[in-house]
A.B. asks: 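Structure in structure tokens, see below.
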Amino acid sequence: MAGSVRLYSYGPCGTCRKALAWLAEQGINAEVLDITRTPPSRHELEEALKQLGSRARLFNTSGQRYRALGADRVAAMDDGAALDALAADGMLIKRPFLITAQGRIVTGFRPLEWQSLLRPPEVE
């Protein structure tokens, strides 16, 4: 694959470990960043919101930080406040958070989705 992918990950996260293993199996090199130390930038989060079309795909709704913040409070936020909260605390962000070499962004690990984004169809 031309270029590089960036993966925001969290070491103890089982889904992140599965995603890293899948990338290795596919022979895809990734720049791996600890989402707690280096969360995606506000700009990357804005782009993710544009591409994904929903804040629900950005928040780690099963995480302790999200539960502490409260679903009602998150729902009451406008997009700007939600993006500010995400940029300030990587533990609020759904992970893994993948940015392809072409700038496509996905959250969570769904192998078929990643396959379609990272491996273009073979040309006959």
A.B. asks: Might you point out which heavy atoms bring Ala87 and Pro39 nearest each other, and give the distance in Å?
C.D. replies: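 Closest approach of Ala87 to Pro39: O-CG, 3.7 Å.
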A.B. asks: Side-chain polar contacts of residues 68-84 - donor-acceptor pairs under 3.5 angstrom, sequence neighbours left out - could you list them?
C.D. replies:
from: Asp78; atom 1: OD1; to: Gly80; atom 2: N; distance (Å): 3.2
from: Asp78; atom 1: OD1; to: Ala81; atom 2: N; distance (Å): 2.7
from: Asp79; atom 1: OD1; to: Arg55; atom 2: NH1; distance (Å): 3.1
from: Asp84; atom 1: OD1; to: Arg42; atom 2: NE; distance (Å): 2.8
from: Asp84; atom 1: OD1; to: Arg42; atom 2: NH2; distance (Å): 3.2

A.B. asks: I'd like to know if the side chain of Arg6 and the backbone of Leu98 have a donor-acceptor N/O pair within less than 3.5 Å.
C.D. replies: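 Pair absent, no side-chain N/O of Arg6 close to backbone of Leu98.
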A.B. asks: For residues 59-94, which residue pairs pass the ring-ring contact (aromatic ring centres under 6.0 Å, His included) check, not counting sequence neighbours?
C.D. replies: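 Of all non-adjacent pairs touching residues 59-94, those that pass ring-ring contact (aromatic ring centres under 6.0 Å, His included) are Phe59-Tyr66.
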A.B. asks: Give a yes or no on whether Glu31 atom CD has more than 12 heavy-atom contacts from other residues, nucleotides or ligands under 6.0 Å away.
C.D. replies: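 Counting neighbours around CD of Glu31, more than 12 heavy atoms of other residues, nucleotides or ligands fall under 6.0 Å, so yes.
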A.B. asks: In Å and rounded to the nearest 0.5 Å, what is the NE2 to CD distance from His43 to Glu46?
C.D. replies: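 If I round to the nearest 0.5 Å, the distance is 7.5 Å.
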A.B. asks: Identify the heavy atoms of Val5 and Ala101 that sit nearest to each other, and give their distance.
C.D. replies: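 Between these two residues, the closest heavy atoms are CG1-N, 4.1 Å.
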A.B. asks: Please report the shortest heavy-atom distance between Pro40 and Leu45, naming the atom on each side.
C.D. replies: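 Shortest heavy-atom contact: O-CD1, 3.7 Å.
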A.B. asks: Are Ile35 and Val106 linked, directly or through other ILVMFWY residues, by side chains that come within less than 4.5 angstrom of each other?
C.D. replies: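 Each belongs to a different hydrophobic cluster.
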A.B. asks: Any donor and acceptor pair, going by atom type alone, linking the side chain of Gln51 with main-chain N or O of Gly103 inside 3.5 Å?
C.D. replies: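 Checking the backbone N and O of Gly103 against the side chain of Gln51, a donor-acceptor pair under 3.5 Å is found.
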A.B. asks: For the atom pair NZ (Lys94) and CG (Leu58), what is the distance rounded to the nearest 0.5 Å?
C.D. replies: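 Separation between the atoms: 10.5 Å.
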A.B. asks: Among all residues two or more places apart in sequence or in another chain, which pass the side-chain contact (heavy atoms from CB on, under 4.5 Å) test with Leu20?
C.D. replies: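 Leu20: side-chain contact (heavy atoms from CB on, under 4.5 Å) contacts with Leu7, Ser9, Val32.
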A.B. asks: Quick one: salt bridge (charged side-chain N to carboxylate O under 4.0 Å, His left out) partners of Arg110, sequence neighbours excluded?
C.D. replies: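 Residues passing salt bridge (charged side-chain N to carboxylate O under 4.0 Å, His left out) with Arg110: Glu113.
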A.B. asks: Using the test side chain to side chain donor-acceptor pair (under 3.5 Å), find all partners of Thr38 that sit at least two apart in sequence or belong to another chain.
C.D. replies: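 With neighbours one apart ignored, the set is empty.
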A.B. asks: In chain order, what residues pass the side chain to side chain donor-acceptor pair (under 3.5 Å) check against Arg57, with sequence neighbours excluded?
C.D. replies: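 Applying side chain to side chain donor-acceptor pair (under 3.5 Å) to Arg57 gives none.
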A.B. asks: Is Arg95 reaching over with its side chain to a backbone N or O of Thr107, donor-acceptor style, under 3.5 angstrom?
C.D. replies: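 No, because the side chain of Arg95 does not come within donor-acceptor range (under 3.5 Å) of the backbone of Thr107.
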